[in-house]
Amino acid sequence: MTHVNLVKLCVGAEKVEDLAAWQKARAGGAAHYEPRHVTRMWPKREAELLAGGSLYWVFKGVILARQKLVRLDEVIGEDGIRRCGLILESQIVRTSPAPRRPFQGWRYLEPKDAPRDLPKSRENESELPAHIEERLSEIGIL
């Protein structure tokens, strides 16, 4: 079975380091922590997502990172409504910048449309300003 990915705005974060810091704080020093993002809608393509899919994060209009999906957990809110907990691997993988127009919720992202992972040698480089990365990506340099 081929996989499919999700793409989601990383609300409240301007850069990948913000997401990493938020998830680290949520872990509270626990040795084993699985980051979770709760969403209102349950994906209908669950099997495809769990066949190797990732959640691609959009920062200020540009996809810059992804986290592999581990599983989907049922989360019942205080209001009694069933929601979907997207359980993620803790490793955040930086990707080539890919512009993305604003949207609400999450969207499916086919593997052919997903940005490629950055080489390991570039993962720790300081980020270029998003607008420069976006332009370089558009002309095929990144």
Side-chain angles (χ1 to χ4, degrees), residues 1-30 32-120 122-142:
M1 169 184 292
T2 59
H3 75 276
V4 69
N5 304 295
L6 293 177
V7 63
K8 172 93 178 81
L9 300 180
C10 197
V11 178
E14 293 192 11
K15 54 191 177 189
V16 178
E17 289 81 8
D18 295 339
L19 173 65
W22 184 83
Q23 289 182 354
K24 183 177 181 180
R26 297 277 300 177
H32 179 71
Y33 172 73
E34 293 176 315
R36 177 179 83 169
H37 177 77
V38 178
T39 184
R40 191 170 45 96
M41 302 300 293
W42 196 281
K44 291 180 175 40
R45 298 172 69 181
E46 178 177 358
E48 290 173 86
L49 287 169
L50 299 179
S54 291
L55 175 61
Y56 283 78
W57 292 107
V58 178
F59 300 85
K60 296 181 76 174
V62 181
I63 297 174
L64 294 176
R66 70 175 180 84
Q67 286 179 279
K68 188 169 173 74
L69 285 160
V70 174
R71 68 180 185 277
L72 306 182
D73 285 354
E74 181 179 65
V75 177
I76 305 296
E78 291 180 15
D79 55 7
I81 296 175
R82 177 183 186 246
R83 293 181 172 81
C84 180
L86 305 170
I87 308 303
L88 309 166
E89 282 188 355
S90 59
Q91 180 186 18
I92 298 172
V93 178
R94 291 180 184 268
T95 65
S96 295
R100 199 70 184 189
R101 292 181 187 258
F103 60 94
Q104 289 189 338
W106 49 261
R107 299 287 185 266
Y108 290 110
L109 179 65
E110 297 297 330
K112 66 179 177 53
D113 299 324
R116 68 186 186 285
D117 293 352
L118 285 180
K120 295 280 185 206
R122 291 191 49 207
E123 285 185 343
N124 293 323
E125 291 179 4
S126 60
E127 286 185 29
L128 293 171
H131 70 281
I132 293 174
E133 284 190 340
E134 183 177 343
R135 286 294 301 141
L136 292 173
S137 178
E138 287 174 0
I139 61 174
I141 293 177
L142 284 179

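Basis for what follows: all heavy atoms, side chains included, without hydrogens, waters or symmetry-related copies.
For Ala47, the side chain to side chain contact (heavy atoms under 4.5 Å, CB included) test picks out Met1, with sequence neighbours left out. Partners of Arg101 according to the salt bridge (Lys or Arg N to Asp or Glu O under 4.0 Å) rule, which considers only residues two or more places apart in sequence or in another chain, do not exist here. Not counting sequence neighbours, the partners of Glu74 by the salt bridge (Lys or Arg N to Asp or Glu O under 4.0 Å) test are Arg82. In this structure, the side chain to side chain contact (heavy atoms under 4.5 Å, CB included) partners of Leu9, at least two apart in sequence or on a different chain, are Val11, Val58, Phe103. Residues forming a side chain to side chain donor-acceptor pair (under 3.5 Å) with Trp22 (at least two apart in sequence, or on another chain): none. Remark: Tyr33 pairs with no residue by the ring pair (Phe, Tyr, Trp, His ring centres under 6.0 Å) rule, at least two apart or across chains. In this structure Glu34 satisfies the salt bridge (Lys or Arg N to Asp or Glu O under 4.0 Å) test together with Arg71, sequence neighbours excluded. Partners of Gln104 under the side chain to side chain contact (heavy atoms under 4.5 Å, CB included) rule, at least two apart in sequence or in another chain, do not exist in this structure. For Asp18, there are no salt bridge (Lys or Arg N to Asp or Glu O under 4.0 Å) partners at least two apart in sequence or on another chain. With sequence neighbours excluded, the residues satisfying side chain to side chain contact (heavy atoms under 4.5 Å, CB included) with Arg36 are Val38, Val75, Ile87.
Ser96 and Pro115 make their closest contact through O-CB, 3.3 Å (heavy atoms, listed as atom of the first residue, atom of the second, distance). Minimum heavy-atom separation, Leu49 to Val4: CD2-O, 3.3 Å.
In this structure, Ile92 CD1 and Glu17 CD are separated by 9.0 Å, a value rounded to the nearest 0.5 Å. For the atom pair CG of Leu86 and OG1 of Thr39, the computed distance is 6.0 Å after rounding to the nearest 0.5 Å. Taking OG of Ser54 as the start and CG of Asp117 as the end, the distance is 7.5 Å to the nearest 0.5 Å. Interatomic distance, CG of Leu109 versus OH of Tyr56, reported as 6.5 Å (0.5 Å rounding). Separation of atoms CZ (Arg100) and CG (Asp113) is listed at 8.0 Å; rounding is to 0.5 Å. Here the CG atom belonging to Leu55 is positioned 12.5 Å from the NZ atom belonging to Lys68, to the nearest 0.5 angstrom.
Checking His37, Gln91, Gln23 one by one against Gln67, the side chain to side chain donor-acceptor pair (under 3.5 Å) holds for a single residue, Gln23.
Applying the side chain to side chain donor-acceptor pair (under 3.5 Å) test to residues at least two apart or on different chains, none of the pairs has a partner in residues 1-13. Applying the salt bridge (charged side-chain N to carboxylate O under 4.0 Å, His left out) definition to pairs two or more places apart or across chains, those involving residues 103-112 are Arg45-Glu110.
Under 4.0 Å is where a charged nitrogen must lie from a carboxylate oxygen, and between Arg83 and Glu78 no such pair does.
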